[in-house]
Peer 1: 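Have a look at this one.
All values reported here derive from a predicted model rather than from experimental measurement. The chains referred to below are lettered A, B, ... by the order of the sequence lines, with proteins before strands, and numbering in each begins at 1.
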There are 2 protein chains.
Amino acid sequence: MRKKRISITDIATALHVTPSTVSRALNGGGKVSEKKRLEILSLAKKLGYRPNPIAKSLVENRTHTIGLIIPEFTHHFYSRMLAGIESVTSKAGYQLLICTSNEKQKQEIKSTQTLLDARVDGILATISKMNDKFEHLQEVMDSGTPLVLVDRFSEEIETPYVISDDFNGAFSAVDYLCQNGCKHILHIKGPANLSTTFNRFMGYKEALRKHGIAFNEELILESSDTNLVEKIRFCLSNLPVDGAFAYSDYLAFEIYKVASELKIQIPGRLSVIGYADEPISTYINPTLSSVNQQPFEMGVAGAKYLLNKISNPETVLEVKTLATRLVIRESTQAVKTGH
Amino acid sequence: MRKKRISITDIATALHVTPSTVSRALNGGGKVSEKKRLEILSLAKKLGYRPNPIAKSLVENRTHTIGLIIPEFTHHFYSRMLAGIESVTSKAGYQLLICTSNEKQKQEIKSTQTLLDARVDGILATISKMNDKFEHLQEVMDSGTPLVLVDRFSEEIETPYVISDDFNGAFSAVDYLCQNGCKHILHIKGPANLSTTFNRFMGYKEALRKHGIAFNEELILESSDTNLVEKIRFCLSNLPVDGAFAYSDYLAFEIYKVASELKIQIPGRLSVIGYADEPISTYINPTLSSVNQQPFEMGVAGAKYLLNKISNPETVLEVKTLATRLVIRESTQAVKTGH
DNA sequence: CTGTTAGCGCTTTCAT
DNA sequence: ATGAAAGCGCTAACAG
């Protein structure tokens, strides 16, 4: 049995005034005699009055709620991003309504609809991997609901976004490998169609170019390849591979397994760098050098953009490319011991 | 600029009927002539009408929203639990409002207040580690808002809960070690005051008892001990330890590090079992045997209890102790090669 | 079958 | 300074 909460009217009748007066007293807005104000405030406190945000939402046409769409919960990256988002929204007095897309476009579309229906004041979204249509996001924007994209973005959607600097992140990693003498650097690419995959690949190539190393198609593998493990094994067995840069830490771990099987020492004979700096980096042996994307900060920045756009809809298109940090651990040789 | 959404009244005036009629047609409730019904439905569809849940909440005094309080986002356990919860609430048409306590009682209290203010239809909470007061939870219950506890519970709060069977989880792990011949089993305990710590410790003792192994105080370590690593080193160096059962996978990893340093082979000379089956178990070398707590299922069960209690407040106190699964990996010897 | 009326809790003119 | 009244979008009792 839901207990009835006390309302502004309860206070009003008890004090022989009207709800308007109570509202004014509580919100400090209009003029209320000091005496009445204090009476009202103290009774409100005594009765444990709590304003009903639902009623407020209805008249103010905003909910103090922001919607969040993320692909999934289990990657550490998203957990950290979520924590970053929560840290700013909660401080600003906003509630978080959470939806998952499970990396499926269909669920993502449903989520946007759900959030729009819920009349959230704004939406923060990481678009799912498999997106090829963007009408649902356009619809969000058309509805006048501020939208900010985090981690992934699309050029088809003109809205603020915060992403990680994949190009330079990859560049710094491969550059590091080159500086330490690696000449034959394997790269495992991420999912096709993702801008992150493309940009990291570009960063890889640019680093090679800088060091005058010829690009070798043979050293490029696809994570989606069902024979990935065999391909890795082929490369490590038959080509003079001395470095590897993987799209993710998990893919780097695949390299570890094959290397271990082939008795190839890391970092002795092979230096490896992963991406995302997931906890796995510090657990595997040797610990894995990786590129940290600052997911917490990404969440913070995205949330700030959104709050800003909510309070100031005509703001210029804010866009941020977050710097990455190369974290060096045991999987890379600090100094190349000569050939 | 927020676009005005079309309302039930817009449709009503366009069709020269009253809002009530439109409401009835849309909700299928009362009687409406088939002709009008179709007219209304088709116009609603054409105009892209979407009901305003805020208005509905105000009159129905429920929000179709459930509040969630979790200690933090980053442990895989909570991510999985969250996924489980989300999977049932989203299917049931409920929105999830998320708050974190950061394992702090003060934040937890604030979160309950926030959720109560938001008029959520129910609350799902994992109480924070350091809780010693429970008035805020009692307040939730007094307000008539259904409350379900997950993962952790307190006997001071009489409300449905879903927890994991820590006693048997620990028992099965240590029993397994004993069956494989371990005689001197180290145990690292969890945080003091937590029921899980206590129950796992009891499970450990009970397994020893079953196998007629004398309990040895020397083999019990505390995770909070600042000299934990040294203590582990001491045990592994000076005592004939042949097995270890840790309160968490992360603590098991600490054992790994010391064992590696001391050149003690796992599982050759030392069998190790962790707890929680976090991803780390599959990344470390050798892969770690662990006790899976089925966090996803825990989320599912908790959410179901809550939905049940929401729709049926007078339900009996539902309580579930979820079975654990012992996951055997490389850190334990399947068959003890004799002494 | 359909319209009228009232009300959910609150804000916000507009009078007084 | 305060009250009266309207309205946010919707539901629900009550009349016809």
Side-chain angles (χ1 to χ4, degrees), chain A residues 2-41 43-44 47-65 93 116-121 143-144, chain B residues 2-41 43-44 47-65 93 116-121 143-144:
Chain A
R2 198 65 157 281
K3 222 169 65 180
K4 195 198 167 303
R5 281 164 153 280
I6 96 116
S7 81
I8 217 175
T9 327
D10 298 332
I11 300 183
T13 51
L15 257 36
H16 302 295
V17 295
T18 54
S20 338
T21 310
V22 178
S23 172
R24 279 186 283 251
L26 258 23
N27 298 320
K31 305 88 198 346
V32 184
S33 75
E34 194 57 13
K35 180 167 168 293
K36 274 215 170 89
R37 218 177 61 79
L38 292 178
E39 270 183 21
I40 291 172
L41 256 45
L43 183 61
L47 262 39
Y49 168 76
R50 308 247 81 205
N52 185 335
I54 311 286
K56 211 173 279 196
S57 294
L58 190 58
V59 27
E60 288 178 349
N61 197 30
R62 62 198 197 118
T63 55
H64 276 285
T65 281
L116 246 28
D117 283 352
R119 263 64 169 183
V120 294
D121 292 344
S143 81
Chain B
R2 199 63 159 283
K3 223 169 66 181
K4 195 198 167 303
R5 282 165 152 280
I6 95 119
S7 80
I8 218 177
T9 326
D10 297 333
I11 300 183
T13 52
L15 257 36
H16 301 295
V17 296
T18 55
S20 337
T21 310
V22 178
S23 173
R24 279 187 283 250
L26 258 24
N27 297 320
K31 304 85 205 340
V32 184
S33 74
E34 194 58 12
K35 181 165 166 293
K36 276 222 169 80
R37 219 179 59 78
L38 293 177
E39 268 182 21
I40 291 171
L41 257 46
L43 183 62
L47 262 38
Y49 168 76
R50 308 247 80 203
N52 185 335
I54 310 288
K56 211 173 280 194
S57 296
L58 191 57
V59 28
E60 289 178 350
N61 197 28
R62 61 201 196 115
T63 54
H64 275 286
T65 281
L116 246 29
D117 282 352
R119 265 62 169 182
V120 293
D121 292 344
S143 80

Peer 1: What donor-acceptor contacts under 3.5 angstrom involve side-chain atoms of residues 11-20 of chain A, with partners at least two apart or in another chain?
Peer 2:
from	atom 1	to	atom 2	distance (Å)
A/Thr13	OG1	A/Thr9	O	3.1
A/Thr13	OG1	A/Asp10	O	3.0
A/Thr18	OG1	A/Thr21	OG1	3.2

Peer 1: What's the shortest heavy-atom distance between B/Asn27 and B/Lys56, and which atoms?
Peer 2: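 Nearest heavy atoms, B/Asn27 then B/Lys56: OD1-NZ, 4.4 Å.
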Peer 1: Nearest to the side chain of B/Ser23, which nucleotide is it out of D/dA4, D/dT11, D/dC14?
Peer 2: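 Output: D/dT11.
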Peer 1: Heavy atom of residues 47-59 of chain B under 4.0 Å from DNA chain D: which residues?
Peer 2: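 Of all residues in residues 47-59 of chain B, the ones placing a heavy atom under 4.0 Å from DNA chain D are B/Tyr49, B/Pro51, B/Asn52, B/Ala55, B/Lys56, B/Val59.
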Peer 1: Measure from CZ on A/Arg62 to C1' on D/dC8 and round the result to the nearest Å.
Peer 2: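 Rounding to the nearest Å, CZ of A/Arg62 and C1' of D/dC8 are 15 Å apart.
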Peer 1: At 4.0 Å (heavy atoms only), tell me whether B/Thr18 reaches a base, stays on the sugar-phosphate, or touches nothing.
Peer 2: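 Contact class for B/Thr18: base.
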Peer 1: Within residues 4-17 of chain A, find the residues that approach DNA chain D with a heavy atom at under 4.0 Å, and present them sorted by residue number.
Peer 2: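 Output list: A/His16, A/Val17.
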Peer 1: Identify whether any heavy atom of A/Ser20 sits under 4.0 Å from a base atom; if not, whether one sits that close to sugar-phosphate; answer base, sugar-phosphate or nothing.
Peer 2: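 Base contact.
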Peer 1: Under the salt bridge (charged side-chain N to carboxylate O under 4.0 Å, His left out) rule, collect the residues that match up with A/Arg37, sequence neighbours excluded.
Peer 2: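 Here the qualifying residues are A/Glu34.
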Peer 1: With sequence neighbours excluded, tell me which residues meet side-chain contact (heavy atoms from CB on, under 4.5 Å) with B/Thr65.
Peer 2: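 B/Thr65: side-chain contact (heavy atoms from CB on, under 4.5 Å) contacts with B/Thr63, B/Gln95, B/Leu97, B/Val120.
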Peer 1: Provide, to the nearest angstrom, the distance between the CG atom belonging to B/Leu26 and the P atom belonging to D/dG9.
Peer 2: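 In whole Å, D/dG9 P and B/Leu26 CG are 15 Å from each other.
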Peer 1: So, using side-chain hydrogen bond (donor to acceptor under 3.5 Å, both in side chains) as the criterion, who are the partners of B/Arg119 when residues are at least two apart?
Peer 2: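 For B/Arg119, no residue satisfies side-chain hydrogen bond (donor to acceptor under 3.5 Å, both in side chains) once neighbours in sequence are set aside.
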